[in-house]
Amino acid sequence: MASRVELTTLADGGQPAGRVAAEIAGFVNAARETLALALYDVRLETEAGALVLASLLAAYQRGVRVRLLYNVDHPGPIAVPPPPETRPEAIEALPVETRGIAGIPDLMHHKFCVRDGRDVWTGSMNWTEDSWTRQENVVVRALGADRLAFAFELAFEELWARGTVEGTGTVEPRPVELDEGVTVRPWFTPGHGDALSHRVAKHLGRAHRRIRIASPVLTAGPILGTLVEVVNEHRCDFAGVVDDTQSDDVFRQWSRNGVSAWKIPLLDTIVTVGGLSGKPSTPWSPGAVQDFMHAKVVVADDVSFVGSFNFSRSGERNAENVLEIEDRATADALAAYVDTVRDRYPPATPPAVRVLAEHAGLRPKRQNPDA
């Protein structure tokens with residue numbers, strides 16, 4: 001079997017839940033020996049979810065060893081990322097092996113599945129109906145990639161053995177050569193969180209043709225610092241999209257936290273000069289629709305970074321994974337996806353302008369995305 005990378009991209013309202021569930025079930029149904037799943041948010045009580053649940057149970061019944069890691073705490077001061085909908089009692093009632101990972105000090109934020117030590121499913125998509133139908137997400141499948149799968153299995157075993165996020169993500173980001181000249185380097189945090197942000201920043205700083213970004217928030221210092229230089233100097237074709245609502249929450253936290261206040265003018269410049277779009281998603285609350293701009297993608301020339309990592313300071317501390325993919329076709333596809341998403345939404349309101357307006361009792365009007 002040739003080793004290769006496949007992408008699936010999702011848009012808010014762009015696909016039915018059943019189609020996504022069928023794709024997950026198809027991946028699971030092909031397992032013959034093992035399935036190692038690390039899922040931040042998993043809820044399968046819906047009709048579409050039942051299809052995925054049935055595939056997991058069928059795998060277990062035919063002798064596949066199924067193990068499932070899930071996050072059990074959300075200690076953060078704001079809902080970025082939003083708390084999971086996972087019901088631990090429902091997970092623990094399954095006949096498969098399970099382990100809850102205490103989100104202390106930070107989150108088990110993975111969304112990956114390793115099949116038979118050969119194939120990897122990863123990306124930004126949680127296993128919930130809102131993730132499948134109301135969010136922008138990217139799924140990456142690396143097929144026939146034994147060495148890549150081995151790296152993910154090592155990361156899984158760290159979490160399984162420890163039961164906490166702290167001290168995990170230490171698997172070295174060694175490059176894996178796939179067929180047709182594609183190189184993939186897996187990154188894991190928190191062990192390599194700082195190094196990952198610097199790696200992304202280095203590629204952004206070296207880009208000459210294009211940069212495309214999709215991330216709910218942008219708060220990692222090395223990335224902010226590099227992007228300010230890139231947009232001020234107009235080095236290349238730059239565009240992207242964030243989640244406007246979640247970015248608001250982050251900015252308000254910065255305004256209350258003097259330690260991070262230095263980031264405010266950086267993000268303001270990136271949003272204003274760079275012209276980022278912003279999805280006006282529904283603010284998080286229990287039971288509310290989760291329609292966030294949830295994709296996590298950076299494209300710098302022909303190198304792509306895609307996974308569960310929000311390009312944020314908190315992401316550096318969570319248990320996350322990112323694939324660094326050197327391949328022009330993959331970069332073209334992801335850049336086109338980011339362009340499609342950003343074209344749907346209005347310009348992001350500059351955070352500094354917004355907070356000043358709110359302090360004055362005003363709020364800038366959003367542009368109509370359909371105008």
Side-chain angles (χ1 to χ4, degrees), residues 1-4 6 8 10 15-72 84-102 108-133 137 139-163 168 308 319 321:
M1 176 181 178
S3 58
R4 65 187 188 278
E6 297 178 347
T8 297
L10 297 110
Q15 59 287 311
R19 182 190 306 168
V20 182
E23 192 167 315
I24 298 172
F27 187 87
V28 170
N29 285 335
R32 295 294 174 263
E33 298 177 356
T34 59
L35 286 167
L37 303 101
L39 302 175
Y40 172 67
D41 198 0
V42 52
R43 246 190 123 153
L44 304 175
E45 290 91 348
T46 64
E47 181 178 349
L51 180 62
V52 175
L53 180 59
S55 70
L56 291 170
L57 295 177
Y60 169 77
Q61 291 167 356
R62 65 176 178 269
V64 175
R65 186 185 184 191
V66 181
R67 291 187 292 165
L68 171 60
L69 293 168
Y70 63 96
N71 186 81
V72 293
E85 296 180 325
T86 304
R87 293 174 53 234
E89 65 274 17
I91 298 298
E92 294 299 336
L94 297 174
V96 305
E97 298 174 66
T98 62
R99 175 136 200 190
I101 304 299
M108 198 294 293
H109 198 231
H110 291 298
K111 306 99 167 47
F112 73 74
C113 176
V114 183
R115 181 180 67 191
D116 293 340
R118 289 180 50 80
D119 309 311
V120 177
W121 172 297
T122 189
S124 63
M125 188 189 75
N126 290 305
W127 289 24
T128 69
E129 190 137 332
D130 280 351
S131 295
W132 302 343
T133 62
N137 276 300
V139 174
V140 185
R141 290 174 301 280
L143 305 177
D146 302 41
R147 289 179 56 206
L148 188 67
F150 180 66
F152 274 82
E153 287 185 326
L154 290 177
F156 181 94
E157 296 295 348
E158 285 184 332
L159 287 161
W160 190 269
R162 286 181 172 270
T168 66
S308 67
N321 72 87

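Scope of the values below: all heavy atoms of this structure, side chains included, with no hydrogens, waters or symmetry mates. As the structure is a prediction and not an experimental result, all values here were calculated from the model.
- Heavy-atom minimum distance, Gly144 versus Asp119: N-OD1, 2.7 Å.
- When the side-chain hydrogen bond (donor to acceptor under 3.5 Å, both in side chains) test is applied to Glu23, the partners found at least two apart in sequence or on another chain are Thr8, Arg141.
- Across all non-hydrogen atoms, the minimal contact from Met108 to Leu69 is CE-O, 3.9 Å.
- Between the side chains of Ser55 and Asn29, no donor N or O sits under 3.5 Å from an acceptor N or O.
- The CZ atom of Arg118 sits 11.5 Å away from atom OG1 of Thr34, with the distance rounded to the nearest 0.5 Å.
- Side-chain contact between Met125 and Trp132 is present, with at least one heavy-atom pair separated by less than 4.5 Å.
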Is there a side chain to side chain contact (heavy atoms under 4.5 Å, CB included) between Phe27 and Arg115? Walk through the geometry before answering. CA-CA 8 Å; Phe27 187 87; Arg115 181 180 67 191; 3.5 Å; yes
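- Distance check: Arg99 CZ to Arg162 CZ gives 11.0 Å after rounding to the nearest 0.5 Å.
- You'll find the side chain of Thr122 stays beyond 4.5 Å of the side chain of Ser308, heavy atoms only.
- For the 3.5 Å distance criterion, the side chains of Glu92 and Tyr70 qualify, holding a donor opposite an acceptor.
- Taken from OG1 in Thr128 to CG in Asp41, the straight-line distance is 5.0 Å, to the nearest 0.5 Å.
- The side-chain heavy atoms of Val28 and Val52, taken from C-beta on, include no pair separated by under 4.5 Å.
- Rounding to the nearest 0.5 Å gives a distance of 7.0 Å between CZ of Phe156 and CG of Leu37.
- Interatomic distance, OG1 of Thr46 versus CG of Leu53, reported as 10.0 Å (0.5 Å rounding).
- The shortest heavy-atom contact between Ile91 and Leu68 is CG2-CD2, 3.7 Å.
- For the pair Leu94/Leu56, no side-chain contact is recorded, criterion being any heavy-atom separation below 4.5 Å from C-beta on.
- A heavy-atom distance below 4.5 Å is not found between the side chains of Val114 and Arg67.
- Taking both residues in full, the closest heavy atoms of Ala30 and Asp116 are given as O-OD2, 3.8 Å, listed atom of the first, atom of the second, then distance.
- Judged by distance alone, with hydrogens and angles left aside, the side-chain atoms of Asn137 form no donor-acceptor pair with the main-chain N or O of Leu10 at under 3.5 Å.
- Taking every heavy atom of both residues into account, Ala31 and Val64 meet most closely at O-CG2, 3.7 Å.
- For the atom pair CZ of Arg62 and CG of Leu57, the computed distance is 11.0 Å after rounding to the nearest 0.5 Å.
- Ring-plane geometry between Phe112 and His110 is classed as perpendicular, the angle between the planes exceeding 60 degrees on a 0 to 90 degree scale with a lower cut at 30.
- Shown here for Leu148 and Ala142, the closest heavy-atom pair between the two residues is CD2-CB, 3.4 Å.
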